[in-house]
Each structure stands twice: as structure tokens, then as C-alpha cells.
Protein chains: 2
Amino acid sequence: MNNHLKELRAERQLTQAQLAEQLGVSRQTVVAIEKGKYDPSLPLAFRIARVFGLPIEQIFMED
Amino acid sequence: MNNHLKELRAERQLTQAQLAEQLGVSRQTVVAIEKGKYDPSLPLAFRIARVFGLPIEQIFMED
DNA sequence: ACACGATGTAAAGCACACTTTACAAAGATT
DNA sequence: AATCTTTGTAAAGTGTGCTTTACATCGTGT
């Protein structure tokens, strides 16, 4: 899976730490997802989608 | 997280085994998700959405 | 040069997603 | 009643999502 997390975060001018806090996860989790190290769980994907006001399919995509 | 998997599967008249095969997972995984024992991974959620032709948010929802 | 904020990397540990195998309980069919 | 399909339950094993801690790197500002 691919994702646009880094770009979306940059657009909103959020640091990894700020985004992590809004999502209720550690900064390492944000780093790992941005770097494509692993995919978020479904509940976390929902929270990410909610933070950015976008459907999950517009943030994450099967490559 | 809640989901409508069981109802959607019933509408399409699929058995758990048939759905599992289409999704490329074991039947136990389908059972566990239907029963709410755990949530699917994000990639599996995408495959489920594709099988039913619906956005993820119309199949899974934060309760 | 030094400090500071933001990002990247690594490793150990815990919980959960998924597997395989096996068996039990219903429902439908003959 | 006996069989067959479908569904439910359980348990042990593997891999991944997420945590915490710690340190390295890079860019910017003083």
C-alpha cells in the first residue's frame, strides 16, 4: 500500500509530532507509515482520514 | 469498529468459504471479522471494499 | 561553533491480524 | 434417521502494528 500522508501533512504544515498527537499514536508510528514501513490498522486509518477530512481511499491506495 | 460484512455477504448469497477465497484469506479470518473479534488489516479492508463495490466507510464504521 | 527543532533509524517488547487444524452445532436434503 | 453444507468455536503458531527509549542527522537561527 502507498499513501499520501507526508504530502498531506506538509500541506497542513503539521510536524510529525503534532500529527501523532492528533491521532493518538506515537511519532514513530507516523514515521513508519509515512516511510511505508507498514500500513496503519483500520481504526487508525479512519482517524487519519478524519483528521484530513478525506475518504480513506484518497489517502491510501494499493500500489 | 463495527461492520456490515455479514449482511453484505448474505445479500450476495456468498458462503463464508466463498468470500474467504475471493479475498485470499482463510475462512477463520472472515468469521472473526464478521463476529467483530478483530478488525481487518487495511489492505484486507481494501479487498473487501473491492469485492462489494463499496467505499470502506460504507462497510466499516467506528461504533 | 553551538543550540534547537524536525526528521530518521534501531531495537526490544506487547498486542493483534491471520494461519492451520480440528471439532461441534445447526440447517437443509434425501 | 442419516448425510452434507454452512457456520461457530478453540488453540497454538507466525508476522505485523504500535509502543518506548535512545541516538544520529539535517536545517535554521543565534
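Chain identifiers are assigned alphabetically (A, B, ...) following the order of the sequence lines, protein sequences preceding nucleic acid strands; residue numbering begins at 1 within each chain.
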Sequence neighbours left out, what passes side-chain hydrogen bond (donor to acceptor under 3.5 Å, both in side chains) with [X]? Give chain and number order.
X	answer
B:Ser41	none
B:Thr15	none
A:Arg27	A:Gln16

Just to be sure I understand the rule, does B:Lys6 reach a base, reach only the sugar-phosphate, or reach nothing, if contact means heavy atoms closer than 4.0 Å? sugar-phosphate

d(A:Leu19 CG, A:Leu14 CG) to nearest 0.5 Å is 6.0 Å

How long is the gap from CZ on B:Phe60 to CG on B:Leu54, to the nearest 0.5 Å? 10.5 Å

Sequence-distant partners of B:Glu7, side chain to side chain contact (heavy atoms under 4.5 Å, CB included), two or more places apart: B:His4

One pair to check against side chain to side chain contact (heavy atoms under 4.5 Å, CB included): A:Met61 and B:Phe46. What are the steps and the verdict? CA-CA 8 Å; A:Met61 48 259 248; B:Phe46 266 85; 5.5 Å; no

Determine the minimum heavy-atom distance between [X] and [Y], stating which atoms define it.
X	Y	answer
A:Ile56	A:Ala45	CG1-O, 4.0 Å
B:Gln22	B:Val51	OE1-CG1, 3.8 Å
A:Ala49	A:Pro55	CB-C, 4.4 Å

Could you walk me through whether A:Ile48 and A:Asn3 satisfy the side chain to side chain contact (heavy atoms under 4.5 Å, CB included) test, starting with their C-alpha distance in whole Å, then the side-chain angles of each, then the deciding distance to 0.1 Å, before giving a yes or no? CA-CA 11 Å; A:Ile48 293 171; A:Asn3 72 73; over 6 Å; no

First and last nucleotide of DNA chain D in contact with chain B, 5' to 3', at under 4.0 Å to a heavy atom: what are they? D:dT6 to D:dA10

Check this for me: A:Glu21, atom CD, are more than 12 non-hydrogen atoms of other residues, nucleotides or ligands nearer than 6.0 Å? no

In terms of hydrophobic clustering (I, L, V, M, F, W, Y; side-chain heavy atoms under 4.5 Å; direct or indirect links), are A:Val31 and A:Leu8 co-clustered? no

When the C1' atoms of the five terminal pairs at each end define the local axes, what inter-axis angle does the helix from C:dA1-D:dT30 to C:dT30-D:dA1 show, to 10 degrees? 30°

A:Leu19 CG to C:dA6 C1', straight-line distance once rounded to whole Å: 14 Å

Expected output is a numbered-order residue list: members of residues 7-18 of chain B with a heavy atom under 4.0 Å from any atom of DNA chain D. What is it? B:Arg9, B:Thr15, B:Gln16

Do B:Thr29 and B:Leu23 come within less than 4.5 Å of each other through their side chains, counting heavy atoms only? no

Residues from residues 39-61 of chain A lying under 4.0 Å of DNA chain C - heavy atoms: none

Where along residues 28-35 of chain A does a heavy atom come under 4.0 Å from DNA chain C, residue by residue in number order? A:Gln28, A:Val31, A:Lys35

Any chance you could lay out the side chain to side chain contact (heavy atoms under 4.5 Å, CB included) test for B:Ile33 and B:Tyr38, step after step, and finish with the verdict? CA-CA 6 Å; B:Ile33 295 171; B:Tyr38 50 70; 4.3 Å; yes

Per-nt protein contacts along nucleotides 24-30 of chain C (heavy atom under 4.0 Å; B base, S backbone sugar-phosphate only, - none) come out as -------

For residues 33-54 of chain B, which residue pairs qualify under salt bridge (charged side-chain N to carboxylate O under 4.0 Å, His left out), counting only residues two or more places apart or in two chains? A:Glu62-B:Arg50, B:Arg9-B:Glu34

